[in-house]
Visitor: 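One structure, pasted below without further comment.
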Amino acid sequence: MKKDTSVIPIGEYCYRLVKKRDGEILIRDSERFGKDIREYDYAGDYKAILCPYWQTTNYGTVRCDFLDKETISDASGAREKIQAHFGISDASEKFSYDWALADEIKICDSNIDEDWEDNWPF
């Protein structure tokens, strides 16, 4: 994947907020979130659109493809999925835990704009 900072959302998060279209209904499926589901309800008339580099895996991790960094997911059962997939007894043997990446808080420092909150809808 070509690394392009122009597609990384502005601000401190791994997503950007946009107004939903009239009548737009978003799929709610936590197993597909961060994979093929890239948009989710945020609040009221808004939806969040994930950074294209922020991904979830089928084996219990969250990954930033821009930084080539992977961490244990906060999702329920993530440690067990890692253990089953890699055949290890403790997920921390393979991955460290980065709460910020798992919580969609931008760790790449790309497009951090000091005025980003001026454009935040809340």
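We number each residue from 1, following the sequence as shown. Here the structure is a predicted model, which is why all the values come from computation and not from measurement.
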Visitor: With sequence neighbours left out, write down each residue that passes side chain to side chain donor-acceptor pair (under 3.5 Å) with Arg63, or none if nothing qualifies.
Guide: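 Side chain to side chain donor-acceptor pair (under 3.5 Å) list for Arg63, sorted by chain: Asp65.
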Visitor: Please answer: with hydrophobic residues joined when any side-chain heavy atoms are less than 4.5 Å apart, are Val7 and Phe66 in the same cluster?
Guide: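 The answer is yes; both residues are in one hydrophobic cluster.
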Visitor: When clusters are formed from ILVMFWY side-chain contacts under 4.5 Å, directly or step by step, what else is grouped with Ile25?
Guide: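 For Ile25, no cluster forms, as it stays isolated from other hydrophobic side chains.
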Visitor: Quick one: list whatever passes salt bridge (charged side-chain N to carboxylate O under 4.0 Å, His left out) with Lys81, sequence neighbours left out.
Guide: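 Glu31.
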Visitor: Please list, chain by chain and in numerical order, all residues satisfying side chain to side chain contact (heavy atoms under 4.5 Å, CB included) with Ala100, sequence neighbours excluded.
Guide: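 Result, side chain to side chain contact (heavy atoms under 4.5 Å, CB included) vs Ala100: Asp98, Ile105, Ile107.
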Visitor: If you look at every heavy atom in Ala78 and Gly60, which pair is closest and at what distance?
Guide: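 That closest heavy-atom pairing would be CB-O, 3.4 Å.
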Visitor: How far apart are the closest heavy atoms of Pro9 and Asn111, and which atoms are they?
Guide: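 Closest approach of Pro9 to Asn111: O-CB, 3.6 Å.
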Visitor: For the residue pair Pro52 and Arg38, what are the closest heavy atoms and their distance?
Guide: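 Where Pro52 meets Arg38 most closely, the heavy atoms are CA-NH2, 3.7 Å.
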Visitor: Leu67 and Val62: same hydrophobic cluster, using ILVMFWY side-chain contacts below 4.5 Å?
Guide: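 Yes, one cluster joins them.
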Visitor: With the 4.5 Å side-chain cut-off for hydrophobic clustering, are Val18 and Ile27 part of the same group?
Guide: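 No; Ile27 is not reachable from Val18 via cluster members.
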Visitor: Just jot down the salt bridge (charged side-chain N to carboxylate O under 4.0 Å, His left out) partners of Lys94, sequence neighbours excluded, or say none.
Guide: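 Counting only residues at least two positions away or on another chain, Lys94 forms no salt bridge (charged side-chain N to carboxylate O under 4.0 Å, His left out).
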Visitor: Donor-acceptor pair, distance only, cut-off 3.5 Å: does the side chain of Gln83 make one with the backbone of Ile88?
Guide: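 Not confirmed, Gln83 side chain does not pair with Ile88 backbone.
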Visitor: Supply the atom-to-atom distance Thr71 OG1 to Leu101 CG, rounded to the nearest 0.5 angstrom.
Guide: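 Answer for the OG1-CG pair, Thr71 versus Leu101, is 6.0 Å.
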Visitor: What residues form a side chain to side chain donor-acceptor pair (under 3.5 Å) with Asp22, not counting sequence neighbours?
Guide: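 By the side chain to side chain donor-acceptor pair (under 3.5 Å) rule, Asp22 matches no residue at all.
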Visitor: If the condition is side chain to side chain contact (heavy atoms under 4.5 Å, CB included), which residues does Ser30 pass it with, not counting sequence neighbours?
Guide: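 In terms of side chain to side chain contact (heavy atoms under 4.5 Å, CB included), with neighbours along the sequence ignored, Ser30 is linked to no residue.
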Visitor: Just to verify, what does Phe33 make a ring pair (Phe, Tyr, Trp, His ring centres under 6.0 Å) with, not counting sequence neighbours?
Guide: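 Tyr40, Trp54.
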Visitor: Nearest 0.5 angstrom please: Cys14 SG to Gln55 CD, how far?
Guide: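 Output value for this atom pair is 11.0 Å.
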Visitor: The criterion is salt bridge (charged side-chain N to carboxylate O under 4.0 Å, His left out); which residues satisfy it with Asp41, sequence neighbours excluded?
Guide: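 Lys20, Arg28.
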Visitor: Ring centres of Tyr42 and Tyr13 under 6.0 Å apart?
Guide: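 Judged by ring-centre distance (under 6.0 Å), Tyr42 and Tyr13 do not meet the cut-off.
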Visitor: Measure the CG-CD distance between Asp74 and Glu104 for me, rounded to the nearest 0.5 Å.
Guide: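 So the CG of Asp74 and the CD of Glu104 are separated by 9.5 Å.
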Visitor: So, for Gly11 and Ile112, which heavy atoms are closest and what is the spacing to 0.1 Å?
Guide: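 Of all heavy-atom pairs spanning Gly11 and Ile112, the closest is O-CD1, 3.1 Å.
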Visitor: Taking C-beta and beyond as the side chain, do Ser92 and Tyr97 meet within less than 4.5 Å on heavy atoms?
Guide: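 Side-chain contact under 4.5 Å: no.
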Visitor: Applying salt bridge (Lys or Arg N to Asp or Glu O under 4.0 Å) as the test, list every pair that has at least one member in residues 44-62; sequence neighbours left out.
Guide: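 As it turns out, the salt bridge (Lys or Arg N to Asp or Glu O under 4.0 Å) pairs with a partner in residues 44-62, which skip direct neighbours, are Lys19-Asp45, Glu24-Lys47, Glu39-Lys47.
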Visitor: Should Arg16 and Ile10 count as side-chain neighbours, where that means a heavy-atom distance under 4.5 Å?
Guide: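 Result no, sub-4.5 Å side-chain heavy-atom pair not found.
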Visitor: Looking at residues at least two apart in the chain, or sitting in another chain, which of them share a side chain to side chain donor-acceptor pair (under 3.5 Å) with Ser96?
Guide: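 Testing Ser96 for side chain to side chain donor-acceptor pair (under 3.5 Å), a comparison that skips the adjacent residues, returns none.
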Visitor: Quick one: pull up CZ in Phe95 and OG1 in Thr61 and give me the separation to the nearest 0.5 Å.
Guide: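 If I round to the nearest 0.5 Å, the distance is 5.0 Å.
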Visitor: Rounded to the nearest 0.5 Å, how far apart are NZ of Lys3 and CG of Asp68?
Guide: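 These two atoms lie 4.0 Å from each other.
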Visitor: Please tell me if the side chains of Ile37 and Asp29 come closer than 4.5 Å, counting only heavy atoms from C-beta onward.
Guide: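 In short, these two side chains touch, coming nearer than 4.5 Å.
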Visitor: Could you check whether any side-chain heavy atom of Thr5 comes within less than 4.5 Å of a side-chain heavy atom of Ser110, counting everything from C-beta outward?
Guide: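 Of all side-chain heavy-atom pairs linking Ser110 with Thr5, at least one is under 4.5 Å.
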Visitor: To the nearest 0.5 Å, what is the distance between SG (Cys51) and NZ (Lys106)?
Guide: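 Those atoms lie 7.0 Å apart.
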Visitor: Is there side-chain contact between Tyr53 and Ile8, with heavy atoms separated by less than 4.5 Å?
Guide: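 Yes, side chains in contact.
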Visitor: List the residues meeting salt bridge (charged side-chain N to carboxylate O under 4.0 Å, His left out) with Asp36, not counting sequence neighbours, and say none if there are none.
Guide: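 Asp36 satisfies salt bridge (charged side-chain N to carboxylate O under 4.0 Å, His left out) with Arg32 only.
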Visitor: Any heavy-atom pair between the side chains of Lys35 and Asn58 that's under 4.5 Å?
Guide: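 Asn58 reaches Lys35 side chain to side chain.
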